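These numbers come from a predicted model, not from an experiment. Residue numbering restarts at 1 for every chain, and letters A, B, ... go by the order of the sequence lines.
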There are 2 protein chains.
Amino acid sequence: MASDVIQQQINHAIIEFYERLSSWEQSVVRDQGVSLAQIHAVEILGANGPLRMKDLADKLGVTTGTLTVLVDRLVKNGLVERQTTEGDRRAVAVNLTASGQQMFAEHDQLHLQLTKEMTAALDATECQQFLSFLERINRAF
Amino acid sequence: MASDVIQQQINHAIIEFYERLSSWEQSVVRDQGVSLAQIHAVEILGANGPLRMKDLADKLGVTTGTLTVLVDRLVKNGLVERQTTEGDRRAVAVNLTASGQQMFAEHDQLHLQLTKEMTAALDATECQQFLSFLERINRAF
DNA sequence: CTAGAATAGTTTGACTATCAAGTTAATTGA
DNA sequence: TCAATTAACTTGATAGTCAAACTATTCTAG
């Protein structure tokens, strides 16, 4: 456990990092003609594979009511499709279409470009360490 | 410079980290009765002090048209105030009110709590390194 | 000095995002 | 079996967002 001062500094560095990423993502999606909420859904589905509405809503931090209309628009835009799930006839799985996969791939490339700019500030060993830290942190919350 | 494989892994770890933070923030602000966009503005103003509309819009990643209506609502909610700036009569500075400062402080405390949960996965030395990496990355993009 | 270009911010109209609360259908469990 | 829970959808209200057009300043090239 680190000291309170370090915790505070990490906290503010994380907030700044998060705000910068948000700002970048917002600008990027505006240029691609898709909304922030929609690209978030595509990113999560691309990383996790098909998800039920409830699980996707949890990962997005929104209610299922909000997600229903979001998925409606994603379907209309041809990026995802709804699928019935075996085992629970109430549940609906959301899956990327081929077009959705492609948008995910393109967006992922933009992220990779940004990641390269970020990690230019670190050498190879530090990148390894940074990756290890991130993975452990992601598991911790 | 690290290998492409490591870059890819870091990229996906960053995306996951970002998505989790977004989800957390979205849930937190819902419980506080304020919107995500509004708390982002408050966070940025709290960290940077008064900003002109253009600068704040840049940091949020939105257009000035969007920001105008956002600031209108923040003013109505008593969280910020518009101030004239000396030197350029076109410019408008946005500043947190006392109430806005308080909301910033409360929200910052919630972030600190989350940061502590995250960094529980790291020891003191690793926290120091992680902070150093974040600060350098924040400077790099 | 001054006219045209650039910049800061606002307004408008159309669309999207979001929530809470209520609804329907399916599942669980006592 | 049937009451409680869960998954998803619907609805009505409010907020967020953009592009494009607009006003008021400031800058700049001649």
Is the closest side-chain donor-acceptor distance between [X] and [Y] under 3.5 Å?
X	Y	value
B/Gln102	B/Glu106	yes
B/His40	A/Tyr18	yes
A/Gln7	B/Thr115	no

Checklist entry - Going 5' to 3' along DNA chain C, which nucleotides are the first and last within contact of chain A (any atom under 4.0 Å from a heavy atom)? => result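 It runs C/dT16 to C/dT27.
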Checklist entry - Which letters describe nucleotides 21-26 of chain D, given B = protein heavy atom under 4.0 Å from base, S = only from sugar-phosphate, - = neither? => result ---BBS
Item to check | Contact under 4.0 Å: A/Arg82 side-chain N or O vs D/dA8 OP1/OP2 | outcome: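 Checking D/dA8 against A/Arg82, no side-chain N or O comes under 4.0 Å of OP1 or OP2.
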Item to check | Within one Ile-Leu-Val-Met-Phe-Trp-Tyr cluster: A/Val80 and A/Val34, side-chain cutoff 4.5 Å | outcome: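 Yes.
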Checklist entry - Can you tell me if B/Arg136 uses its side chain to pair, donor with acceptor, with the backbone of A/Ala121 under 3.5 Å? => result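 Yes.
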Checklist entry - Rounded to whole angstroms, how far apart are CG on A/Leu67 and P on D/dA8? => result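 Distance check: A/Leu67 CG to D/dA8 P gives 9 Å.
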Checklist entry - If you look only at pairs with a residue in residues 19-45 of chain A, which of them pass as a salt bridge (charged side-chain N to carboxylate O under 4.0 Å, His left out), with sequence neighbours excluded? => result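 Every salt bridge (charged side-chain N to carboxylate O under 4.0 Å, His left out) pair that includes a residue of residues 19-45 of chain A, provided the two are not neighbours, is A/Glu16-A/Arg20.
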Item to check | DNA chain D contacts among residues 92-107 of chain A, heavy-atom distance under 4.0 Å | outcome: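 Residues of residues 92-107 of chain A under 4.0 Å from DNA chain D: A/Val92.
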Using nucleotides 16-18 of chain D, report all nitrogen or oxygen pairs with the protein that are shorter than 3.5 Å.
{"residue": "D/dG16", "atom": "OP1", "partner": "B/Ser35", "partner atom": "OG", "Å": "2.5"}
{"residue": "D/dG16", "atom": "OP1", "partner": "B/Gln38", "partner atom": "NE2", "Å": "3.3"}
{"residue": "D/dG16", "atom": "OP2", "partner": "B/Arg73", "partner atom": "NH1", "Å": "3.1"}
{"residue": "D/dC18", "atom": "OP1", "partner": "A/Arg30", "partner atom": "NH1", "Å": "2.2"}
{"residue": "D/dC18", "atom": "OP2", "partner": "B/Thr63", "partner atom": "N", "Å": "3.2"}
{"residue": "D/dC18", "atom": "OP2", "partner": "B/Thr63", "partner atom": "OG1", "Å": "3.4"}
{"residue": "D/dC18", "atom": "OP2", "partner": "B/Thr66", "partner atom": "OG1", "Å": "2.5"}

Item to check | Step-by-step salt bridge (Lys or Arg N to Asp or Glu O under 4.0 Å) determination, A/Asp58 to A/Arg52 | outcome: CA-CA 10 Å; A/Asp58 286 345; A/Arg52 294 166 163 223; over 6 Å; no
Item to check | Within residues 44-54 of chain B, residues whose heavy atoms come under 4.0 Å of DNA chain C | outcome: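 B/Arg52, B/Met53, B/Lys54, in order of number.
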Checklist entry - Parallel, tilted or perpendicular for A/Phe133 and B/Phe130, by the 30°/60° rule? => result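 Perpendicular.
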